[in-house]
Amino acid sequence: MGRTGARGGAAGASHPARSRLFSRYRAKAREYADDPERMRALARNATVKLSQLGDGAPSPIRAVSDQIKTLIRLVRAYSKGEYRDISRGQLVLVIAGLIYFVSPADLLPDFLPTGLLDDAAVVAWVLRTLHEELGRFRAWEDEQAGRPVVLPKRDD
């Protein structure tokens with residue numbers, strides 16, 4: 001991705017995660033990363049939205065709902081100081097993805113019939129970008145719960 005896409009230029013229009021709007025959410029996420037209470041509130045809001053959507057969620061959201069729950073758990077664990085094996089930049093990306101998800105007024109407002117498709121695209125992009133980091137977090141969760149630890153395969 002070139003700088004044009006990161007700033008929301010012509011290439012940025014092709015993917016919500018490269019939009020100017022998402023860049024603003026990233027800036028907001030940096031503030032959240034320094035405030036455990038705001039992170040916990042965000043996790044609560046994302047949990048509420050996911051549960052309100054339930055089985056009526058569009059299939060792209062249903063396809064990533066378990067992974068959204070992983071992002072929520074990661075933010076909660078980080079906010080409590082339980083999990084810190086993630087860089088600040090990666091944490092900011094997770095938080096920005098959740099902010100985008102909970103925001104009703106994003107690239108495609110959620111009240112539109114296709115309004116959650118951009119949310120699903122952003123979440124899917126965050127998941128692909130942080131695949132290995134999220135695998136390590138899930139392995140950490142397994143270890144905490146006494147389950148066998150399975151690390152993700154590298155995409156080498």
Side-chain angles (χ1 to χ4, degrees), residues 1 5-6 8 11-30 32-33 38-80 82-83 85-145 147 149-155:
M1 167 179 70
S14 66
H15 195 286
R18 295 185 196 113
S19 69
R20 284 191 179 119
L21 180 61
F22 190 74
S23 293
R24 286 196 294 263
Y25 287 157
R26 269 186 151 157
K28 188 183 253 188
R30 286 184 197 92
Y32 277 63
R38 281 180 89 180
M39 282 192 281
R40 284 191 287 275
L42 175 62
R44 283 190 300 272
N45 291 339
T47 300
V48 167
K49 181 172 181 176
L50 202 53
S51 68
Q52 287 174 340
L53 292 171
D55 292 336
S59 59
I61 290 291
R62 282 195 313 270
V64 295
S65 65
D66 285 341
Q67 292 91 337
I68 292 171
K69 291 174 186 175
T70 299
L71 299 177
I72 292 167
R73 291 192 313 271
L74 190 153
V75 167
R76 276 197 188 117
Y78 191 93
S79 73
K80 294 176 183 177
E82 297 170 348
Y83 183 78
D85 190 24
I86 186 169
S87 73
R88 180 174 172 81
Q90 293 164 339
L91 176 67
V92 165
L93 190 56
V94 168
I95 293 170
L98 287 177
I99 292 172
Y100 197 98
F101 175 68
V102 301
S103 176
D106 43 43
L107 200 58
L108 296 172
D110 291 349
F111 63 83
L112 295 174
T114 58
L116 292 169
L117 295 179
D118 64 320
D119 294 27
V122 167
V123 169
W125 178 78
V126 168
L127 294 169
R128 279 191 312 274
T129 303
L130 300 178
H131 174 75
E132 287 186 33
E133 288 77 9
L134 295 174
R136 283 193 290 273
F137 172 70
R138 286 189 292 272
W140 174 84
E141 285 183 309
D142 288 345
E143 184 179 289
Q144 300 305 303
R147 295 184 297 256
V149 174
V150 178
L151 291 175
K153 293 181 181 179
R154 292 196 175 267
D155 295 332

**Q.** Nearest heavy atoms of A96 and A29, plus distance in Å
**A.** N-CB, 3.5 Å
**Q.** Distance-minimising heavy-atom pair for A33 and R88
**A.** CB-NH1, 3.5 Å
Q | Value rounded to 0.5 Å, distance of CG in L71 from CG in D66 | A | 11.0 Å
**Q.** From CD1 (I68) to CZ (F101), nearest 0.5 Å
**A.** 4.0 Å
Q: Can you measure from CZ (R30) to CD1 (I95) and round to the nearest 0.5 angstrom?
A: 11.0 Å
Q: Under the side chain to side chain contact (heavy atoms under 4.5 Å, CB included) rule, what do L134 and Q67 come out as? Steps first, then yes or no, please.
A: CA-CA 9 Å; L134 295 174; Q67 292 91 337; over 6 Å; no
Q | Shortest non-hydrogen contact between S65 and L50, atoms and distance | A | O-CD2, 3.7 Å
**Q.** Spacing of K28 atom NZ and S103 atom OG [to the nearest 0.5 Å]
**A.** 7.0 Å
Q) Once you round to the nearest 0.5 Å, how far does NE2 of H131 lie from CZ of R136? A) 10.0 Å
(Q) Test your reading of the model: is there a side-chain donor-acceptor pair from T129 to the backbone of W125, 3.5 Å cut-off? (A) yes
Q. Roughly how far, to the nearest 0.5 Å, is the CD atom of Q90 from the CG atom of L74?
A. 9.5 Å
**Q.** M39 to Y32 - nearest heavy-atom pair and separation
**A.** CG-O, 3.3 Å
**Q.** Shortest non-hydrogen contact from W140 toward E82
**A.** CZ2-O, 3.3 Å
Q. L93 and V126: which non-hydrogen atoms are nearest, and at how many Å?
A. O-CG2, 4.0 Å
Q | Working for side chain to side chain contact (heavy atoms under 4.5 Å, CB included), residues V123 and L98 | A | CA-CA 8 Å; V123 169; L98 287 177; 6.0 Å; no
(Q) Assess, by modelled atom type and distance only, whether the side chains of T70 and R73 contain a donor and an acceptor separated by less than 3.5 Å. (A) yes
